[in-house]
Each structure stands twice: as structure tokens, then as C-alpha cells.
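Some notes on the structure that comes next.
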Amino acid sequence: MLNAASISEKLHTEIHSIFSPIEIFPTIDSTNNHLLQLPDTQKHSGYVCLAETQTAGRGRLGRTWVSPANENIYISILWKIPIEKRYGLSLIVGMAVLECLKNSGIASAKIKWPNDITLNGKKLAGVLIEAVGDYVVIGIGINANMTHANDITQAWTSIAQEIGMVDRNKVVAELLYFLQKELNQFETQGLKPTQEIWSSVDALNNQNITIEQNGIFHEGIAKGISQQGALLLQTPSGLKPFYSGEITKLHQNN
Ligand code: BTN
């Protein structure tokens with residue numbers, strides 16, 4: 001079971017003071033909702049909320065995030081970031097998830113722009129970032145020990161499916177470590193370091209894709225990201241940046 005003392009104990013000592021409180025609910029509507037609704041007087045960077053299950057877990061684009069009990073990781077973290085510095089934030093959160101997965105034994109997961117974590121084309125984790133005033137709520141769902149689910153419509157996998165059961169408290173502690181590392185780097189250097197290594201983590205790299213934006217479908221070859229985190233698409237009329245949108249078709253695996 002998730003346990004705050006066990007997570008704290010496993011946190012690298014230099015980041016102990018950053019992540020507090022670590023609240024764990026047996027059940028909640030959505031960990032993101034909980035932080036979005038915190039009174040202003042309680043808001044501070046590093047406030048962490050986890051739950052064993054969510055009754056109204058949310059994914060991107062109004063989708064439901066299926067949240068079976070006691071198996072996976074549903075976590076939200078509050079962080080203060082000026083509005084003008086938030087471009088590409090989901091990508092660096094994705095980087096932190098990848099680093100955490102790597103430390104847990106899964107080395108070849110990729111980021112499918114803007115915020116899916118996939119392994120061989122199957123979803124392993126997702127990121128939902130929402131804004132509340134000066135803060136963002138960074139919501140992360142990781143399929144950890146789930147081995148079956150009847151109600152997930154897309155292809156998925158979990159750490160357990162790939163390499164066996166994990167200690168979720170340890171994975172959470174690793175995730176928080178890499179998250180603060182990525183956030184600090186993002187605050188000082190922006191997206192540049194991530195942009196430089198993007199091709200090695202990009203699930204779409206050089207693939208023929210279709211992206212939907214406001215009901216219009218654009219086809220082209222994915223060519224990485226811009227310094228603002230936009231997806232770059234090589235189209236017949238040139239290289240085009242997409243700041244938002246949904247990849248609807250990926251014409252090869254992963
Ligand atoms: C997606 O891939 O569509 C994003 C999924 C994000 C799920 C996490 S689970 C913890 C947090 N609370 C929520 O309601 N959603 C996020």
C-alpha cells in the first residue's frame with residue numbers, strides 16, 4: 001500500500017524538505033481536483049497528493065482516467081511557475097516519468113507528444129497539467145501493478161506487465177526526485193536541454209502522423225519539437241509548429 005512515511009524515507013535527503021505534505025487518500029474523486037481546490041493559504045510548491053483509487057480520475061481532452069484501487073500510481077504535485085514560462089512543461093514532466101521508469105527497470109519507454117508515455121505503442125503513463133492562478137497542478141498516472149483492466153479502450157501496458165510487480169512507494173520517491181531535477185533545470189534553462197536529446201525519447205520521431213487541431217486533420221512527418229515545445233510537422237507546404245492538438249494516426253509502431 002502507499003504510505004507517506006515510506007515515501008519520505010526513500011526520498012533522497014536533499015529533497016526531503018521540498019515535498020511536503022505528502023497526502024494519501026484511500027479514495028478521492030481526482031488528486032488533481034484536490035489540489036485545484038486547496039485554499040490559497042495552503043498552496044505552496046511541493047504539495048503532494050496521492051490516492052489508492054480515483055472515482056473521477058481525469059485524462060486529457062475530458063477523458064476518464066480509469067483508476068483501479070491499490071495497483072497504480074495517481075499523483076498530483078503543486079508547483080509555482082509563471083504563466084509565461086509554462087511552454088513545454090508537459091514534456092519535461094514526461095522526461096521525469098521516463099527517468100523514473102528507467103530507474104525502475106524500464107529503459108525504452110518513449111514520450112508521445114504532448115504527454116503520453118508509451119512502450120512499444122502501448123500507453124504506460126499519462127500527464128495532465130492544469131493551471132490554478134500562479135500555480136500548476138502536475139497530475140501523473142502511472143500503470144504500475146495493474147495486470148488486467150476491462151474498461152480501458154486503448155492499448156496499455158504496466159510496469160508489472162513488463163518486468164513484474166514494483167514497490168509503488170519507491171517509484172513515487174524516484175518520480176519526485178526526477179521531477180524536482182527536471183523542474184529546476186526547466187526554471188534555469190528552459191526546454192533547451194530536453195530539445196537536444198528529444199529524438200532519443202520521441203515516440204513519433206520521423207514518423208508519418210496525422211494531428212487533429214480544432215477539427216482539422218494535418219498529415220506529415222514528425223520532426224521533433226521547437227524550443228517552445230511545439231510539435232514540428234514536415235508537411236508538403238513546409239515545416240509547421242503545432243502548439244496543441246491530438247495525434248490521431250501514427251502510421252508505424254510506437
Ligand atoms: C492522460 O493521459 O490523458 C492524462 C492522464 C492523467 C491521469 C492523472 S492520475 C492523477 C491525476 N488526477 C487525475 O484526475 N488525473 C491525473
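First listed ligand is number 1; within each ligand, the first listed atom is number 1. The figures that follow rest on heavy atoms only: side chains count, while hydrogens, waters and symmetry mates do not. Residues: numbered from 1 along the sequence shown.
- Looking from atom 3 (O) of ligand 1 to the surrounding protein, the closest heavy atom is R60 N, 2.7 Å.
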Evaluate the criterion side-chain hydrogen bond (donor to acceptor under 3.5 Å, both in side chains) for residue pair Y47 and E23; output intermediate values, then yes/no. CA-CA 8 Å; Y47 198 119; E23 288 186 333; 2.9 Å; yes
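- At a heavy-atom cutoff of 4.0 Å, ligand 1 is contacted by the side chain of S76 but not by its backbone.
- Contacts between N33 and ligand 1, counted as non-hydrogen atom pairs separated by less than 4.0 Å, are absent for every part of the residue.
- With L78 as the fixed residue, the side chain to side chain contact (heavy atoms under 4.5 Å, CB included) test singles out one of V136, V48, L38: L38.
- No side-chain donor-acceptor contact under 3.5 Å links N103 and E99.
- Residue-ligand proximity, I75 to ligand 1, at heavy-atom distances under 4.0 Å covers atoms 10 (C).
- Under a 4.0 Å criterion applied to the non-hydrogen atoms of V127, ligand 1 contributes the atoms 4 (C).
- Taking distance alone, with nitrogen or oxygen atoms compared against 3.5 Å, Y74 stays at or beyond that limit from ligand 1.
- Tracing side-chain contacts under 4.5 Å through hydrophobic residues (I, L, V, M, F, W, Y), one reaches I81 starting from I77; they form part of the same cluster.
- Looking from atom 5 (C) of ligand 1 to the surrounding protein, the closest heavy atom is W65 CE3, 3.3 Å.
- Ligand 1 places these atoms under 4.0 Å from at least one heavy atom of G126: 2 (O), 4 (C), 5 (C), 6 (C).
- Any N or O atom pair closer than 3.5 Å counts here, and S30 shares at least one such pair with ligand 1.
- Within the 4.0 Å heavy-atom cutoff, Q54 counts among the residues contacting ligand 1.
- Here is the list of ligand 1 atoms found below 4.0 Å of a heavy atom in G57: 14 (O).
- Nearest heavy atoms, N72 versus I142: CB-O, 3.3 Å.
- Using bins of under 30°, 30° to 60° and over 60° for the plane-to-plane angle, the ring pair F19/W79 lands in the tilted bin.
- Linking ILVMFWY residues whenever their side-chain heavy atoms come closer than 4.5 Å, directly or via other members, places V93 and I73 in the same cluster.
- Of the candidates R58, K112, K123, the one placing a heavy atom closest to atom 16 (C) of ligand 1 is R58.
- Under the 4.0 Å criterion applied to side-chain N and carboxylate O atoms, E14 and K181 are not assigned as salt-bridge partners.
- Atom NZ of K170 has 12 or fewer neighbouring heavy atoms from other residues, nucleotides or ligands inside a 6.0 Å radius.
- Within the 4.0 Å heavy-atom criterion, neither part of L61 lies near ligand 1.
- When only modelled atom types and interatomic distance are considered, S199 and N205 share no side-chain donor-acceptor pair under 3.5 Å.
- In terms of protein heavy-atom proximity, atom 11 (C) of ligand 1 is nearest to T31 OG1, 3.3 Å.
- Close approach of ligand 1 to G59 is summarised as follows: ligand atoms under 4.0 Å from at least one heavy atom of the residue are 1 (C), 3 (O), 4 (C), 5 (C).
- Proximity of N115 to ligand 1, defined as any heavy-atom pair under 4.0 Å, is not found for any part of the residue.
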